[in-house]
Structures are given as C-alpha cells and as structure tokens.
Amino acid sequence: MTSSIFLTMAGWTSDKFRLSCIDNNGLKRTLLKMLILDNGTKNTNIEAERGEYRVEQGVPNGGSANNKSLLSFLAINALELSAPASPVLLECNAPTVPTGWLQLSGHPKSIAPMANGIVRKRVSGPNDTELVAYRQLMVDPHAVKVVPKFLGVHQTATDHFIELHNLLNGFVEPNVMDIKMGFRTFTESEVSNTALREDLYKKMVSVDPGAPTAEEHRQRAITKLRYMQFRENMSSTEEKGFRIEALKMRGSQPVTDLKTVKSNNQIQATIGHFVGGRRSVAKDITKRLRQMRTMIEKSEFFHRHQVLGSSVFIVYDDQQVGVWLIDFAKALPLPKGAKVNHRTRWQMGNCEEGLLHGFDELIRTMESVQQNVHALRHQSRATDV
C-alpha cells in the first residue's frame, strides 16, 4: 500500500480549471460551483463548523486564512486510497491536468475534491474496512479528536465514497509532512505464505546486492516476509516505529525520496528543515503529538484494533498548526481474545504494529528538534536535505 497523499494548487485562476473530463451535466454543475469562490457569499453554518472542527482537532484559532480560496477548496489532505476513485469523477486526459496540481505521494487521480471543504475517497463498498473504521472512530470520544472528521457516505450506481473534512482547509500556502507510523505496515496475512519467491529476491538485489544471505543467494529466492522486513529496515520504520514519507515546503517541489532517512541525525535534520527554524511550530507539533498519544491510549477503538499503515499528517502556515492521524484502510479488528499495547515488538500472531512506539519516538525526536531547531536548520542546509 502506498503512502498517503495530498494535492495542492498554486497560481490558479478560474480559466485554468478544465471541466472537459466531466461529461455528466449534474457533476459539471457541481464542479462549476467550486469556481464561484469570490462572490462574497458565505454559508454561516459551514463556517461555524469549520472553526469548531479546527479547535477540536488541536488547531489554534486566529489567522487570516482565506477559506474561500481555491487552495482551501482544492488542496487535498493526505488521504490514501486503496483503489482509484470513480472514472466519472476523476479521470482526465493528461493535457487537462492543471499546472500546479501536485501529488506528494500515493495513487494518481485518487482524490475527488468537492466544495465546502470536503474530500471524497473511494471505498470498496458498505462494509469497507476504512468506512467501518471511520464510523467507529466518530463515536469514540477520544479517537474522534485525533482523526479527520468523517462526514458521511456518497453512493453512486456503482461506487461508494467516504466524505472527509479537507485538512488543509483554512491554511494558506501550508507546509506539509507525511509520517508513516508503526514498525510494520504490512498485515500478517500478507506475509503468512512461506513460499520462496525469485521475483522478490531480484527486487532485493536490485536495491542492495549485499542484502541477501549466502543461503538466499544460493536459492536465489526469499519469502515475502523477508522482503517486507528488508524494505521496512531500509528506513527508520523497524527501529523507531515511524518513517518520514514525504514533505512539501512552501514555494518548493515535493520531496518524496526520504525512505532511507534512518539515523537520528538524518531524521532530526529533515524535521528541522521542515519547521524552518520556527521553535514555536516545533513546540506546537510536540504538544499536539502528546495530546494525540494520550487520546489513543484512552481510546476503545485503538484497544480493539491493530492499525497498520496509518500516517501522522502535519500541516502549518504562518498562523496555525494542525496534526492528525490519517489512513485507516488497514485498521483491522483484533481476533477474539487478542490484546495489543501498540508498543510491543511484533511477532507473527501477536497483532502488534508499534503505533504508540512510533508516537513515543516521534515525540522524543520533536523534543530534540524543538531544543536545537536553529542548529538543525543550518545542518539540513549544509547536507542539502
């Protein structure tokens, strides 16, 4: 499963927005409404809900965010799709994809932006794992405070979509970071087959010719578990329980080649670069992460699930900071009688994934960044992070 994604717009004018990929007149009218952003109209109920939601999710009040800008409506948060969205909603020919529409990581054309700060994400059906997870998260008084707000389900004749709050709504030219959590991102069922596979051996060798053991070189094959653990060990995932997946700084191109950022110095330098020397930003992120960890520890949902492949999504601009836990396509109910603390090391059958271990390590890292933010910013420049 690929990591979460976000899309952002830069330098937009309404004449650049192409609707040629939409044939349905009703859909076209809906999309056209997204262009009427500067006519002075305002839905007071929506605006009030947005303000309440930002407070609930740990985003400070204040700021001069333009909630009616195209960035607010179309800059899509880090939401991963397990399958591409409906072709009717999303598929466009390459020439119609607007300049400035950036994807940090994940499936191309996988998010359907809607008006009023809503994002649609395709799911497999009414019993989809992520849909079920969000319904449970919304009624958990602790979990609801750390995740995107679930706004309902949209169903067409052939497809189901979950509707989520756009986490970039209300931010102006934000900086964004995606951090994949846990010391494994694969399910136990994915690696239960012990058959030796030549294709995975070839993949391993193409990345690191010295990685296979002498016996694996002789057999010229490895198990899927061996390959998945090799892949996780390339980053900080296996040791620290998190890895920096990607980041996007204001005015710069997305940086997505971060999976080999592994050592303490590399991680701290990368995050120091991300916060841009702003000690207050590092402090707010650290505070929010501590709050999230406490809520997860209290949550019945997290007591009853193994949560694989989720990400911490961090966004800030000149006025505010927001941090959420996103992506629940692999939030699996625990087998009967199983218990997890989200910190114990994984062994086949124990269902541990290291989510809270990752939070512990990420908080320690952010505390170090907060203390040394100016030196780390200088270090990141020197090493060209």
Side-chain angles (χ1 to χ4, degrees), residues 3-4 58-59 78 104-105 146 174-185 232-249 254-297 302 307-316 321-327 341-346 352-385:
S3 77
S4 45
V59 181
L104 192 60
S105 59
V146 305
N175 305 288
V176 182
M177 178 177 278
D178 179 299
I179 302 176
K180 186 71 70 178
M181 302 302 290
F183 39 58
R184 69 178 170 104
T185 58
E232 305 285 43
N233 193 46
M234 288 180 61
S235 68
S236 58
T237 288
E238 190 171 19
E239 178 183 350
K240 293 190 174 298
F242 73 85
R243 68 171 180 256
I244 301 172
E245 196 79 347
L247 63 86
K248 169 72 171 65
M249 302 297 294
V255 180
T256 58
D257 56 344
L258 297 171
K259 289 184 175 64
T260 57
V261 172
K262 185 175 181 179
S263 70
N264 286 334
N265 288 342
Q266 290 174 326
I267 294 168
Q268 290 183 26
T270 303
I271 295 178
H273 169 72
F274 173 68
V275 301
R278 302 185 185 192
R279 193 182 303 274
S280 62
V281 170
K283 181 179 179 180
D284 287 345
I285 293 171
T286 305
K287 179 180 178 180
R288 172 62 173 157
L289 288 171
R290 291 195 193 107
Q291 293 171 344
M292 292 171 69
R293 178 175 63 182
T294 299
M295 292 299 101
I296 290 170
E297 288 174 329
F302 288 96
V307 181
L308 300 156
S310 291
S311 290
V312 164
F313 174 70
I314 303 173
V315 54
Y316 76 90
V321 174
V323 187
W324 297 266
L325 187 67
I326 62 169
D327 296 344
N341 58 34
H342 304 290
R343 288 186 171 96
T344 299
R345 285 287 166 182
W346 173 69
E352 293 285 1
E353 85 295 83
L355 175 66
L356 284 174
H357 176 84
F359 266 90
D360 294 339
E361 292 291 333
L362 183 56
I363 288 167
R364 278 193 281 269
T365 300
M366 289 302 308
E367 289 170 344
S368 296
V369 170
Q370 183 182 335
Q371 294 170 5
N372 306 290
V373 65
H374 298 298
L376 289 169
R377 187 185 188 193
H378 176 75
Q379 179 183 342
S380 73
R381 288 175 174 174
T383 55
D384 194 28
V385 171

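It should be emphasised that the depicted structure is a prediction, and the values quoted were computed from it without experimental measurement.
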With side chain to side chain contact (heavy atoms under 4.5 Å, CB included) as the criterion, how do Asn175 and Phe274 come out once you've worked through the C-alpha distance, each side chain's angles and the decisive distance to 0.1 Å? CA-CA 8 Å; Asn175 305 288; Phe274 173 68; 3.8 Å; yes

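- When every heavy atom of Arg279 is checked against every heavy atom of Asn372, the shortest pair comes out as NH1-N, 4.4 Å.
- Residues Ile267 and Phe242 meet the side-chain proximity criterion, which asks for heavy atoms closer than 4.5 Å.
- Between Leu258 and Leu247 there is a side-chain heavy-atom pair separated by less than 4.5 Å.
- Among all heavy-atom pairs drawn from Phe359 and Ile296, the shortest one is CE1-CD1, 3.7 Å.
- Listed by chain and residue number, nothing satisfies the side chain to side chain donor-acceptor pair (under 3.5 Å) test with Thr294 (two or more places apart in sequence, or in another chain).
- Remark: side-chain polar atoms of Lys180 are paired, donor with acceptor, to backbone N or O of Gly309 under 3.5 angstrom.
- To the nearest 0.5 angstrom, Glu297 atom CD is 11.5 Å from Phe302 atom CZ.
- Atoms CZ and CG, on Arg293 and Leu355 in that order, are 11.5 Å from each other to the nearest 0.5 Å.
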Could you walk me through whether Trp324 and Val315 pass the side chain to side chain contact (heavy atoms under 4.5 Å, CB included) check? CA-CA 9 Å; Trp324 297 266; Val315 54; 3.4 Å; yes

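- By the 4.5 Å heavy-atom criterion applied to side chains, Ile179 and Glu245 are not counted as neighbours.
- Side-chain contact, Glu352 with His342: no donor N or O sits under 3.5 Å from an acceptor N or O.
- Taking the side chain as every heavy atom from C-beta outward, Asn233 and Lys262 approach each other to under 4.5 Å.
- Contact check for Met366 versus Gln370: no side-chain heavy atoms found under the 4.5 Å cut-off.
- Using a 4.5 Å heavy-atom cutoff, the side chains of Met177 and Lys248 are not in contact.
- Minimum interatomic distance between Thr237 and Gly182 (heavy atoms only, all atoms of both residues): CG2-O, 3.2 Å.
- In terms of the side chain to side chain contact (heavy atoms under 4.5 Å, CB included) criterion, Glu239 has no residue partners (sequence neighbours excluded).
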Side chain to side chain contact (heavy atoms under 4.5 Å, CB included) between Thr185 and Leu308, worked out: CA-CA 5 Å; Thr185 58; Leu308 300 156; 5.8 Å; no

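- Taken to the nearest 0.5 Å, the CZ atom of Arg184 stands 12.0 Å off from the CD atom of Glu238.
- For Phe183, the ring-ring contact (aromatic ring centres under 6.0 Å, His included) test picks out His357, with sequence neighbours left out.
- For the atom pair Ser280 OG and Tyr316 OH, the distance stands at 9.5 Å (nearest 0.5 Å).
- Interatomic distance, Ile314 CD1 to Asp284 CG, rounded to the nearest 0.5 Å: 11.5 Å.
- Under the rule for a side chain to side chain donor-acceptor pair (under 3.5 Å), the partners of Asn341 that lie at least two apart in sequence or sit in another chain are Thr344.
- Residue Asn264 holds its CG atom at 8.0 Å from OG of Ser368, rounded to the nearest 0.5 Å.
- Applying the salt bridge (charged side-chain N to carboxylate O under 4.0 Å, His left out) rule to Glu232 yields the partners Arg243; only residues at least two apart in sequence or on another chain are considered.
- Arg290 is linked by a side chain to side chain donor-acceptor pair (under 3.5 Å) to Glu367, counting only residues two or more places apart in sequence or in another chain.
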Should Leu362 and Arg364 be marked as a side chain to side chain contact (heavy atoms under 4.5 Å, CB included) after you check the CA-CA gap, both sets of side-chain angles, and the distance that decides it? CA-CA 5 Å; Leu362 183 56; Arg364 278 193 281 269; over 6 Å; no

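- In terms of heavy-atom proximity, Ser311 sits nearest to Asp327 at OG-OD2, 4.2 Å.
- Taking each heavy atom of Gln268 and Val369 in turn, the nearest pair found is O-CG2, 3.9 Å.
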